[in-house]
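Read the structure below first, then the notes.
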Amino acid sequence: MRVLFLAAGCASMVMTGTAALAGAGASMNACVYLAVPPAQPITFSFTAGGSADHCMNDIGQDASVVASQAGVSCVSVGYVEEKGSSTGGDTCATDTSTWILSYSSSAGGYSGSVQAHMSHPIFSSNHIEIDNASPDTYICSTAHLCNSTKLTWDSGTQGPLYMIFEPGAHN
């Protein structure tokens, strides 16, 4: 972004903006996959961000979705972006980003979380990898169940991405 300052008849251009500080980012969706329809609709509440978040510009926001049928049910948790540069004395240019997403359900017994790491290596695509996750947690490029724990997407785009939890898959 360019900002033009006019002072006493002189024009000067100053380059500003936060794009240089931005890291990998995406419009993130939190989802649950139910293999069979629930007897009664279940509300799943997602908490975006947690105490272990590290080197993140944006962590999204909390949201809820009601699952009343089999398949994938999703809700947007907003924009999530890792901090790809160091500022204010931090070491985010070299540290691994950490983003936490957790969920619980109105039906009780269903809860879980995932820790995700985002990055944007120089001259590369955006990357996300999940670990320290509840069993059967996946990161997908569509709102369909996949089995991926790593994903790349084009630089300069914002997904969308889908974090899909499969509660009760191993109960």
Side-chain angles (χ1 to χ4, degrees), residues 18-19 21-34 42-67 71-121 124-155 157-171:
T18 58
L21 302 176
S27 297
M28 189 67 69
N29 295 279
C31 310
V32 293
Y33 171 81
L34 299 177
I42 301 172
T43 300
F44 289 89
S45 299
F46 297 95
T47 302
S51 62
D53 288 343
H54 180 68
C55 290
M56 298 296 296
N57 281 331
D58 293 292
I59 60 167
Q61 71 268 341
D62 300 349
S64 296
V65 66
V66 176
V72 177
S73 299
C74 297
V75 64
S76 172
V77 291
Y79 186 70
V80 177
E81 180 184 272
E82 63 105 11
K83 184 178 178 192
S85 62
S86 295
T87 56
D90 66 31
T91 55
C92 291
T94 56
D95 283 1
T96 300
S97 70
T98 302
W99 178 64
I100 305 297
L101 179 67
S102 58
Y103 77 96
S104 60
S105 72
S106 62
Y110 295 129
S111 65
S113 65
V114 63
Q115 180 174 298
H117 309 288
M118 299 174 89
S119 63
H120 178 76
S124 183
S125 300
N126 295 319
H127 299 259
I128 188 168
E129 183 173 352
I130 63 176
D131 64 7
N132 295 328
S134 301
D136 303 300
T137 301
Y138 307 103
I139 184 70
C140 306
S141 59
T142 65
H144 296 91
L145 186 62
C146 69
N147 63 355
S148 179
T149 58
K150 297 178 183 179
L151 190 65
T152 60
W153 69 102
D154 289 340
S155 297
T157 66
Q158 297 179 356
L161 303 182
Y162 299 83
M163 191 70 71
I164 302 178
F165 296 94
E166 193 174 356
H170 287 100
N171 287 352

Is a side-chain N or O of Asn29 found less than 3.5 angstrom from the main chain of Leu161, in a donor-acceptor match? yes
Checking side-chain contact (heavy atoms from CB on, under 4.5 Å) against Val114, which of Phe165, Tyr138, Tyr103 comes through? Phe165
In this structure, OG1 of Thr98 is separated from NE2 of His117 (nearest 0.5 Å) by 5.0 Å
Please tell me if the side chains of Met163 and Thr137 come closer than 4.5 Å, counting only heavy atoms from C-beta onward. yes
Are the side chain of His54 and the backbone of Ala52 linked by a donor-acceptor contact shorter than 3.5 Å? no
Closest heavy-atom contact between Val80 and Trp99? CG2-CZ2, 3.6 Å
Minimal non-hydrogen separation, Ile59 against Gly49, with atom names: CD1-CA, 3.9 Å
Do Ser73 and Phe44 have side-chain heavy atoms sitting under 4.5 Å apart? no
Donor-acceptor pair, Ser97 side chain versus Met56 backbone, under 3.5 Å? no
If every non-hydrogen atom of Trp153 is compared with every non-hydrogen atom of Ser125, which pair is closest and at what distance? O-CB, 3.3 Å
Keeping Glu82 on the side-chain end and Ala24 on the backbone end, is there a donor-acceptor pair under 3.5 Å? yes
Option from Ser105, Ser104, Ser45 for which side-chain contact (heavy atoms from CB on, under 4.5 Å) with Ser64 holds: Ser45
Would you mind reporting whether Val66 and Thr43 have side-chain heavy atoms less than 4.5 Å apart? yes
